[in-house]
S.K.: 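Take a look at this one; I'll ask things after.
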Amino acid sequence: MKTAAFKIPLLVLVLSLSAAFSALAQGRDINFHWAPSRVTSGDGLVRPKAVSYEIWLRKGSESAQLVATVPDTTYSLYADAGVAQVIRVRGVDKFGNKSVWSEWSDPIFFEVDGELVTTPRGPQLKSNYPNPFNPETRIVYGIPHDIKSTDRVQLEIFSVQGYRVRSLEVDRSPGWHEVAWNGKDERGVVMSAGMYVTRFIVGDDVKTGKMTMVK
């Protein structure tokens, strides 16, 4: 009989970057590190120790794929420029049992010219992906390092007629973040196909974008 799935803590975001990088390069090596699987769970039950970890990558609008299996708690990802990428991990014990997933990492995103990887200089709103979409799309936004505690931070979806459809939860910490919109309004009603406007506000800075939902 297989033992119950064991748990691992949340994935820790980027800790370091590779030192060598050419301005003409199209990517970078990003080093990840996460906490090992617990030997015991919160309810005190003994769980098998992980002997390896699966690395799953989601790049842009592509489906998540298993890209590596590693024996320890570190992984180096060659991240392409100009596309948002996230990873998550799960442990595997000596019997082949798999743990619950870690959370997805915050998005890794940087420009083709090699600009800033983890923290943008100012508020940023990237194009959602996929676009057009049905039924869900993901929005990547950047919080600058100099954000003030008093700065307003909002990410909202509007119809082209100017009606607010949805206010999305945002992470105020400096860096790149990602949030999903499922095409529903505040009441949970699925919106009709058409164009929508994303508005991202940080302090006095306002960024907007357009996206299209299809049926």
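If you read the sequence from its start, that first residue is 1, and numbering goes on from there.
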S.K.: Would a distance-only check, ignoring hydrogens and angles, find a side-chain to backbone donor-acceptor pair under 3.5 Å from T137 to P130?
M.R.: yes
S.K.: Quick check for you: to the nearest 0.5 Å, what is the distance between L57 atom CG and S63 atom OG?
M.R.: 11.5 Å
S.K.: Could you label the plane-to-plane angle of the H177 and Y141 rings as parallel, tilted or perpendicular, counting under 30° as parallel and over 60° as perpendicular?
M.R.: tilted
S.K.: Tell me the closest heavy-atom pair linking S173 and D171, and the distance in Å.
M.R.: OG-OD1, 2.7 Å
S.K.: Between W176 and Y129, is there shared hydrophobic-cluster membership here, with clusters defined by ILVMFWY side-chain heavy atoms closer than 4.5 Å?
M.R.: yes
S.K.: First locate atom NZ of K98, then atom CG of D93, and finally report the distance between them rounded to the nearest 0.5 Å.
M.R.: 11.0 Å
S.K.: Check whether any side-chain N or O of T74 sits under 3.5 Å from a backbone N or O of H33 as a donor-acceptor pair, and report yes or no.
M.R.: no
S.K.: Taking atom CG of N128 and atom OG1 of T198, what is their separation to the nearest 0.5 Å?
M.R.: 6.0 Å
S.K.: Please round to the nearest 0.5 Å and tell me the distance separating atom CD of E178 and atom NZ of K126.
M.R.: 14.0 Å
S.K.: Would R88 count as a cation-pi partner of W56, with NZ or CZ less than 6.0 Å from the six-membered ring centre and within 45° of the ring normal?
M.R.: no
S.K.: Once you round to the nearest 0.5 Å, how far does OG of S127 lie from CE of M211?
M.R.: 11.0 Å
S.K.: So do V89 and Y75 actually touch side chain to side chain, heavy atoms under 4.5 Å?
M.R.: no
S.K.: Hey, quick one: are V165 and L155 part of the same hydrophobic cluster, counting side-chain heavy atoms closer than 4.5 Å, chains of contacts allowed?
M.R.: yes
S.K.: Can a cation-pi geometry be assigned to R58 and W104, taking NZ or CZ under 6.0 Å from the six-membered ring centre and within 45° of the ring axis?
M.R.: yes
S.K.: Between R166 and E156, is a salt bridge (charged side-chain N to carboxylate O under 4.0 Å, His left out) present by the stated rule, with each step listed?
M.R.: CA-CA 6 Å; R166 184 79 176 271; E156 300 171 310; over 6 Å; no
S.K.: Is the gap between the ring centers of Y196 and W181 under 6.0 Å?
M.R.: yes
S.K.: Linking I/L/V/M/F/W/Y whenever any side-chain heavy atoms sit under 4.5 Å apart, do V197 and I157 land together?
M.R.: no
S.K.: I'd like a table of donor-acceptor pairs (distance under 3.5 Å, sequence neighbours excluded) in which one partner is a side-chain atom from residues 143-153, with atom names and distances.
M.R.:
unit_1, atom_1, unit_2, atom_2, d
D151, OD2, K148, N, 3.0
R152, NH1, Q154, OE1, 3.2

S.K.: Spell out, yes or no, whether L125 and L168 are grouped together once hydrophobic residues are joined by side-chain heavy atoms under 4.5 Å, including indirect joins.
M.R.: yes
S.K.: When you measure from the side chain of T212 to the backbone N and O of M195, does any donor-acceptor pair fall under 3.5 Å?
M.R.: no
S.K.: So how far is it from Y53 OH to S99 OG, rounded to the nearest 0.5 Å?
M.R.: 8.0 Å
S.K.: In chain order, what residues pass the side-chain hydrogen bond (donor to acceptor under 3.5 Å, both in side chains) check against R172, with sequence neighbours excluded?
M.R.: none
S.K.: Are V202 and F158 joined in one hydrophobic group, where the rule is that I, L, V, M, F, W and Y side chains link up if heavy atoms are under 4.5 Å apart?
M.R.: no
S.K.: Measure the shortest side-chain to side-chain distance between I87 and F32 over non-hydrogen atoms and say whether it is less than 4.5 angstrom.
M.R.: yes
S.K.: Are more than 12 heavy atoms from other residues, nucleotides or ligands located less than 6.0 Å from atom NZ of K215?
M.R.: yes
S.K.: Would you find more than 12 non-hydrogen atoms of other residues, nucleotides or ligands less than 6.0 Å from Q65 atom CD?
M.R.: no
